[in-house]
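These notes are about the structure you will find just below.
Treat the numbers as computed from the prediction; the structure is a model and nothing was measured. The chains referred to below are lettered A, B, ... by the order of the sequence lines, with proteins before strands, and numbering in each begins at 1.
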Amino acid sequence: MKSLKFLIPLALFGVLALFLAAGLKLDPREVPSPLIGKPAPDFKLTRLDDPTASISRDDMLGKVWILNVWASWCVACREEHPMLVEFAQRKLVPVYGLNYKDVRADGTAWLSRHGNPYEASLFDGDGRVGIDFGVYGVPETFVIDRKGVIRFKQIGPLTPEVLRDRIEPLLKSLQA
Amino acid sequence: MTHPETRFARVVLLACLVLFGATSPLRAGEAAPAADDPALEARLVAITSELRCLVCQNQTIADSHADLAVDLRNQVREMLRRGDSREQIVAYMTARYGDFVLYRPPLKESTALLWFGPALLMVAGLVVLVVVLRRRARLPDESFETDDDTSGPTPAAGGPTS
Amino acid sequence: MIPELGHFALWLALATALLLGVLPLAGTLRERDEWMALARPLATALCIAVGIAFVCLTASFVRNDFSVLYVASNSNSALPLQYRIAGVWGGHEGSLLLWVTMLCVWMAAVASFSRHLPQPVVARILSVMGWVAVGFLLFTLITSNPFERLLPVPADGRDLNPLLQDPGMVIHPPMLYMGYVGFSVAFAFAVSALIGGNLDAQWARWTRPWTLAAWMFLTIGITLGSWWAYYTLGWGGWWFWDPVENASFMPWLAGTALVHSLAVTEKRGAFKSWTVLLAILAFSLSLLGTFLVRSGVLSSVHAFATDPRRGLFILAFLVIVVGTSLALYAWRAPRVGLGSRFALLSRETLLLGNNVMLVVAMAAVLLGTLYPLLLDALGMGKISVGPPYFDTVFVPLMAPVVFLMGIGPLARWKQASLPELALRLRWAFAVAVLAALGSGWLAGRIAPGTTLGLLMAWWLVASVATDLWGRVKPREGAGIGARAALLPRATLGMMVAHLGVAVFIFGVTLVKTFEVERDVRMDMGDTTTIEGYVFTFRGVRELDGPNYRAARARVEVTRDGRKVADMFPEKRIYRVQRNPMTNAAIQTGFTRDLYVSLGEAVDGGAWIVRVYYKPFIDWIWGGCVLMVLGGLLAATDRRYRSRAAASVTPAATPAAPPPLAPAMRRVGTLEHEAP
């Protein structure tokens, strides 16, 4: 029927409106990581507490572990830190820190003031390792499996919901 | 309300570079280029101005003065000095940050519609136009209004209702 | 007290707007004259109520009333008065109030300048605008109240964003909103014609000046925004294809198509349903822009503070307004007549071709702007679409438009002759090619992109010249002067506007090809030379502004030994928000801009300085100003100004080609057909 073609603009608009509605639930600023499912980048960094000792990626093979990117100048890190301390006490998996673009003295002082949940903190003063991990903000948290593959990335502070609903089940399945 | 960052970019960065020559502050002369190697700098700008800064997301890595942008510019500069090609640098960025970091979307299956869409729309539009006009041309004269009916306002002040 | 008064005024306005939306419209359906007659008084009452609210908000800013949350977030006691006033529209809530205020300005204009329209038509139009007002007022009152109080009252405000503390901020948003909102008038005309069933050439004649006016304001708004970015942001760019910029450009493209389509409908009664669709499209794009900026769906430097609840509300409003009007269109448009007949090659077809290309260009911009959202919503990953995409895609789409712009004005209505066109235009084409190559060679470079740009610009100039010559060359005893005096304003307007496009293309092409940018380290007395201009660094001193501290450099510019200017680039730190701001120094000239911006200080008392030479960059905005001027000429054409003449049917009989002239007070020759 000839008049059907006049419905085309309305139909096109309907499709557009659906996408706009879907868009309301999305965050255009969040950058998903392309490294999920890929091996963690190779690194070798000194420990925050001992500049003579270093840890490399291959040292971490064979265990499931969590890497938390933090800095003494990061305000949002203070939000998630108590939760992280509590989580580490449960000894589910070792938690390592990546002290990103910080000064050793400031980092150490911050940990003694706010608590230290980390087995060790890796000192990434110039942020190169952070770039390799695709870090673009602080804090960020990664879950890495036995083979050294990144399985999960949390952008922004950890919340109890994320820990409970996404990280812990993942850890269980990785350790099984 | 957002706080847009000013662009002070390369100038901050370039200021930290080793300064070219050792012009004595007392002797005025031809100002030296701010960068060691202007040709390299130009390539740096060309590449980084197509990359999105992930921190202040509405600026390019060339323009932004966020820490991450400064670090990434340094990284790219090193890579250029090392002789890496543009493709290698772009691959480096997308391996870490995904396609989101590219202001020029890569041509993939998912972006085929994006890149070919405008041309397709143009062709479709013109085809539809020609088809509609041809169909119109075949209609008998009675379907049309004559020039009498179309020009000029209607005489009655009450206004047309049909 | 004053904020509460303003808040109350908004509620009053909402009630009035509801009455305005319902009563006059019902009056047209039930043929109740007294209800229809309420349209103008209700519209006036609405304007007064909104006006009061706007004045109250402005007063709160001027009085530094920080007990109002919005004032505290966007102002400061040290902020100079003009920026306190501009702060009214510096944030989301206030800018919404500006939107509604602009809607009332247009409504008042329609109410005043519509005496020649039949009562039912006026009633419908004002009712439709009333419904738009209802939507925005509801949105404001429910989610974005500018009069919300803040307790405890802070000692001082958070200050207006330093980037906005600039004369450009004072006029860019009002102009832009006048444009966006102005398309609601064309929209209201269209919807009212669909409801009332009076879609004809008459309707097009009524709608056209309003559309031109809105288009002019939008052009001014976009031009100001671009120019402001150029001199404020410090790195010489003037268009970034940012989602919000695109949100203003899309209605402009649709509006341009609409203006041309209206010309055909007015003259020949053709394309009626297409024109109505364009009118709905232009305003829908304005509303879409509002949604994109305020919903948080796209990331943009211009975006206001986002809130999904607000986004949902605007989306609902968008769906209701656009959905209803498109449904109305689907219902009524099939019955609309075809208008006059025209041949496959005729001015009508060329204008239609222009329309199709402009809409395709608009669709391309829409595609690029929304594609990241599209992929993300489908779970297909996150991408960015930026200037590299738009620059690649947009220019090839515009080239056909420019080509058609040269031919269209010379084609006859109803039936054009290809041989005649080719004959008239061969000279123009030859001149264009030679001039493009010639000017490229003179400037020192012949490159493909540059030549294409110059070709487009020279083509427009040559074809306008051909058209003009055809209309004013002496014949039958009438000299050039006599014939020129008979040129309708609308024709003149068209030529000026098209020349404006040519000037714009010249500006863009030449600046992109020949601009020079240089970063240098400058000590006292150091110089750098670009294109014969010698820039000498004369040191930096610190100074205090009303609400900032600045480091200001003096750069002396000379050429051939003679002083050209002193330039004073600055770096400012605003005391409250503490963002560093770069204020570039620009020396404007007809054929070039000199642009200097200050970088960081380095060891030894030297500074990094960026120096630009930008040839013909002001032609970009100059071209836009010409377009506006052309629009003004067209909008003030005799046939819109003389109500009396409009009610006299023409004495001239309709003829086969060339087609007849519009109504004129004296019977003139048949050539004076306005576009």
Q) Any salt bridge between B:Lys108 and B:Asp99, counting N to O under 4.0 Å? A)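 Here B:Lys108 pairs with B:Asp99 in a salt bridge, since their nearest N and O are under 4.0 Å apart.
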Q) Are the charged groups of C:Glu348 and C:Arg268 less than 4.0 angstrom apart, N to O? A)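 Looking at C:Arg268 together with C:Glu348, the answer is yes, because their closest N to O distance falls below 4.0 Å.
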Q | Between B:Pro106, B:Ser110, B:Gly125, the one whose heavy-atom pairs under 4.5 Å with chain C are most numerous | A |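 Among B:Pro106, B:Ser110, B:Gly125, the one with the most close pairs to chain C is B:Ser110.
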Q. Any idea which of B:Pro105, B:Gly117, B:Ala119 has the most non-hydrogen atom pairs under 4.5 angstrom with chain C?
A. B:Pro105
Check each atom of [X] against the heavy atoms of chain B and say whether the ones under 4.5 Å are side chain, backbone, both or neither.
X        : result
C:Ile383 : both
C:Ser73  : neither
C:Val385 : both
C:Tyr389 : both

Q) Non-hydrogen atoms of chain C under 4.5 Å away: do they reach the side chain of B:Ser49, the backbone, both or neither? A) neither
(Q) Given heavy-atom pairs under 4.5 angstrom as the criterion, report whether the side chain, backbone, both or neither of B:Leu121 touches chain C. (A)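 When you check distances to chain C, atoms from both the backbone and side chain of B:Leu121 fall under 4.5 Å.
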Q) For B:Phe100 and B:Thr94, what are the C-alpha separation, side-chain angles and deciding distance, and is it a side chain to side chain contact (heavy atoms under 4.5 Å, CB included)? A) CA-CA 8 Å; B:Phe100 185 71; B:Thr94 50; over 6 Å; no
Q: Determine, for B:Tyr92 and B:Arg96, whether the Lys NZ or Arg CZ falls below 6.0 Å from the six-membered ring centre while staying within 45 degrees of the axis.
A: yes
Q: Please say whether more than 12 non-hydrogen atoms of neighbouring residues, nucleotides or ligands are located less than 6.0 Å from CD in C:Glu31.
A: no
(Q) Checking side-chain polar atoms at under 3.5 Å, does C:Asp523 have a donor or acceptor matched by the opposite partner on C:Trp607? (A)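 Short answer, no.
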**Q.** chain B contacts, top residue of C:Leu352, C:Asn355, C:Thr536 (heavy-atom pairs, under 4.5 Å)
**A.** C:Leu352
Q: Look at C:Val360, C:Val393, C:Thr529, C:Leu397 and state which one has the largest set of heavy-atom pairs under 4.5 Å with chain B.
A: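 Highest number of heavy-atom pairs under 4.5 Å: C:Val360.
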**Q.** Which atom of B:Met93 lies closest to which atom of B:Leu51, heavy atoms considered
**A.**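 Closest approach of B:Met93 to B:Leu51, heavy atoms only: CG-CD1, 3.9 Å.
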